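Right, one structure below, let's go through it.
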Amino acid sequence: MSHDLCSLSLTAVRDLLRSGEITATAAVTACLARIEATEPKLHAVLHLAGEAALAEAARLDAAGPDPDKRLWGVPVLVKDAICTKGLPTTCGSKILENFVPFYDATAVAGLKAAGAVILGKANMDEFAMGSSTENSAYQTTANPWDATKVPGGSSGGSAAAVSSGQCFGALGTDTGGSIRQPASFCGIVGIKPTYGRVSRYGLVAYGSSLDQIGPMTRSVEDCAAMLTAIAGHDAKDSTSAPRDVPDYEADLAAWAKQGDLKGVRLGLPDEYWGQGVDAEVLDCCRAAVDAARGLGAEVVRVSLPHTPYAVATYYIVAMAEASSNLARFDGVRYGFRDAAATDLAGLYELSRAKGFGPEVQRRIVIGTYVLSAGYYDAYYRKAAQVRRLIRQDFLDAFASCDVIVGPTSPFTAFGIAEKTEDPLQMYLSDIFTISLNLAGLPGMSIPVGLGAQSGMPVGLQLFGPAFDETRLLCTAKAVMDAVRPPMAPAGV
Amino acid sequence: MDVSPELAAKIATLARLRLDADKLERFAGQMGDILKYMETLAAVDTTGVEPLYGPVAHVSPTRPDEAVRTCSRDEVLHNAPETDGRFFIVPKIV
């Protein structure tokens with residue numbers, strides 16, 4: 001019974017809660033049972049707050065359903081990079097092992113204000129640096145479709161939890177694809193909103209000019225509901241956009257009455273549909289584009305000519321920003337302190353040497369190098385110039401299309417430990433997701449089927465112009481409804 | 001470019017990381033590979049291109065410059081490794 005409940009979509013369970021057919025306590029209890037049953041295999045949850053979640057559910061039940069609260073009684077998980085009042089927030093790092101924030105991130109406050117119940121915190125690559133969740137200092141999360149494979153990263157815990165029915169939705173964060181790539185690997189829906197759409201206040205910063213929080217769910221409607229709850233201007237984040245937030249869920253429902261894609265121009269970038277992409281990925285993505293064409297979409301060729309330079313540009317920018325952002329972890333105000341230190345410099349150096357894992361240290365060192373005197377112009381300034389050209393590629397492409405589509409990843413989920421020895425190869429696997437963060441535009445990944453060889457989920461990516469999340473959601477729903485990808489993972 | 005363990009050590013010190021010799025040697029090799037890959041950007045003609053450091057398009061909203069108490073001293077000190085109840089404590093500086 002509880003498993004059946006857990007297989008429902010977020011909006012379906014929300015409707016049952018709203019009508020009083022089930023209680024918030026029943027929803028939370030079902031998720032906790034599902035977590036207990038699947039965690040020995042998945043390792044998706046870092047901190048489970050079962051008692052607090054049951055107490056919150058009981059409080060909600062005592063007050064009764066509130067139709068004004070979009071997520072009333074719905075159990076969700078939050079990526080451990082996002083601050084939760086009174087709940088540990090480790091960022092998957094030993095350096096924050098004992099850190100308990102005294103405030104909620106604005107996105108978490110948005111979920112709570114909408115009536116959602118926080119079940120706990122989801123595993124991730126340390127400080128969101130990774131594409132497989134193997135860089136977590138605590139545990140390696142498995143893919144629910146095949147436990148020998150990675151769930152993607154860095155929001156791999158969130159993706160595995162949503163895919164396996166541990167919760168109805170989760171928050172992820174996306175600096176270079178960390179929502180979209182794990183969504184693709186685990187066969188779920190994920191959206192990286194436009195930079196500035198969701199407040200970053202309370203998100204532990206990695207690459208401040210790239211980071212965005214976004215929902216990860218099992219349906220497009222669920223994604224729209226969660227996004228509506230967390231989007232909007234926040235005086236505590238000066239980069240959050242002072243713009244009104246549409247009711248994405250209502251707009252999607254209004255559009256769905258028509259349901260076709262007549263008049264929508266889908267742009268297929270030459271650089272995303274050729275060499276280097278596995279045949280099974282191309283086959284699934286082409287079938288999805290054909291389905292969109294069947295719904296009336298017009299398909300046009302576009303070009304994003306600076307794509308070959310995106311990985312180098314992205315990693316220079318991200319590592320430079322990371323080296324600055326992570327300077328705050330110094331063993332003084334919070335986090336791990338090495339007791340062996342006898343002077344202040346030693347306190348910094350030893351605490352950071354022992355508290356950070358190797359991938360984080362590697363990125364801090366390279367980021368420090370590209371910002372250092374004598375190299376700044378050759379690396380960081382140059383990357384910022386190419387970043388503008390990459391952004392211009394998108395603006396040019398949107399002159400002839402409404403939504404850009406391509407594979408989310410060149411391949412399906414790879415094996416655990418398969419790519420950990422060669423960091424550069426791991427970076428190169430992000431080729432199709434990182435440009436979007438450099439440009440600050442919104443993008444989604446939706447499941448479009450299972451690869452013919454691997455049997456693992458394939459994700460199709462959709463990019464839109466700034467602040468046009470509504471069009472992305474509508475197009476995504478049309479394609480998913482037409483393709484009807486399998487959603488029940490075989491591995492749990 | 002080639003990165004020597006000595007250069008890796010110098011950068012690690014700038015980044016306030018005390019890394020052992022094995023790790024420095026491994027990092028130096030990986031840094032060399034990664035920086036060499038990053039140098040592919042040299043092929044892009046960026047003459048006259050204004051750098052883009054962030055995608056924000058709006059003018060940052062302002063707020064009145066008024067002091068607001070957002071949290072208590074206890075809350076701020078709560079996560080610190082060592083305090084005396086009033087201040088953060090660090091090893092002796094002077």
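Note on naming: letters A, B, ... go to the chains in the order of the sequence lines (proteins, then strands), and numbering restarts at 1 for each one. Not measured: the values here are computed from a predicted model.
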Would one find more than 12 heavy atoms of other residues, nucleotides or ligands at under 6.0 Å from atom [atom1] of [X]?
X        : atom1 : result
B:Asp84  : CG    : yes
A:Glu359 : CD    : yes
A:Lys85  : NZ    : no

[X] versus chain A, heavy atoms under 4.5 Å apart: side chain, backbone, both or neither?
X       : answer
B:Asp20 : neither
B:Ala57 : neither
B:Lys10 : neither
B:Ile93 : side chain
B:Gln30 : side chain
B:Phe88 : side chain

If you count heavy-atom pairs under 4.5 Å with chain B, which of [options] comes out on top?
options                                : result
A:Leu441, A:Val311, A:Val317           : A:Val311
A:Tyr369, A:Phe336, A:Tyr195           : A:Tyr369
A:Val100, A:Ile364, A:Leu347           : A:Val100
A:Gly367, A:Ala384, A:Gly440, A:Ala327 : A:Ala384
A:Pro308, A:Gly196, A:Pro423           : A:Pro423

Side chain / backbone / both / neither for [X] at chain B, heavy atoms under 4.5 Å:
X        : result
A:Glu321 : side chain
A:Leu438 : backbone
A:Ala383 : both
A:Thr342 : backbone
A:Ser351 : neither

Got a second to check how far [X]'s [atom1] is from [Y]'s [atom2], nearest 0.5 Å?
X        : Y        : atom1 : atom2 : result
A:Arg381 : B:Thr46  : CZ    : OG1   : 8.0 Å
A:Tyr427 : B:Tyr37  : OH    : OH    : 12.5 Å
B:Leu41  : A:Tyr379 : CG    : OH    : 9.5 Å
B:Leu77  : A:Phe102 : CG    : CZ    : 10.0 Å
B:Met38  : A:Lys382 : CE    : NZ    : 15.0 Å
A:Phe99  : B:Asn79  : CZ    : CG    : 5.0 Å

Could you report the tightest heavy-atom contact between [X] and [Y], atom names first, then the distance?
X       : Y        : result
B:Pro81 : A:Arg333 : CD-C, 4.2 Å
B:Pro91 : A:Ala341 : CG-O, 4.4 Å
B:Asp45 : A:Leu389 : O-CD1, 4.1 Å
B:Gly54 : A:Ser209 : CA-CB, 4.0 Å

Test your reading of the model: is there a side-chain donor-acceptor pair from [X] to the backbone of [Y], 3.5 Å cut-off?
X        : Y        : result
B:His78  : A:Tyr334 : no
A:Arg352 : B:Ala15  : yes
B:Arg18  : A:Glu349 : no

Among [options], which has the most heavy-atom pairs under 4.5 Å with chain A?
options                            : value
B:Val56, B:Ile11, B:Ile89, B:Val59 : B:Ile11
B:Pro61, B:Ser72, B:Ala12, B:Ala43 : B:Pro61
B:Thr62, B:Leu35, B:Thr70          : B:Leu35

### B:Pro55 and A:Arg387, any side-chain heavy atoms less than 4.5 Å apart
yes

### Derivation and outcome, side-chain contact (heavy atoms from CB on, under 4.5 Å), residues B:Leu52 and A:Arg391
CA-CA 9 Å; B:Leu52 177 67; A:Arg391 180 178 164 87; 3.5 Å; yes

### Message
For a side-chain contact (heavy atoms from CB on, under 4.5 Å) check, start with the C-alpha distance between B:Leu17 and A:Phe356, then their side-chain angles and the critical distance, and finish with the verdict.
### Response
CA-CA 9 Å; B:Leu17 287 166; A:Phe356 289 135; 4.1 Å; yes

#### Entry: Chi angles and distances behind the side-chain contact (heavy atoms from CB on, under 4.5 Å) call for B:Ile34, A:Tyr315
CA-CA 9 Å; B:Ile34 293 165; A:Tyr315 277 98; 5.8 Å; no

### Candidate pair A:Arg243 and B:His58, rule side-chain contact (heavy atoms from CB on, under 4.5 Å), full reasoning
CA-CA 9 Å; A:Arg243 307 168 64 112; B:His58 63 264; over 6 Å; no

### Task
Check whether the ring centres of B:Tyr53 and A:Tyr380 lie less than 6.0 Å apart, and answer yes or no.
yes

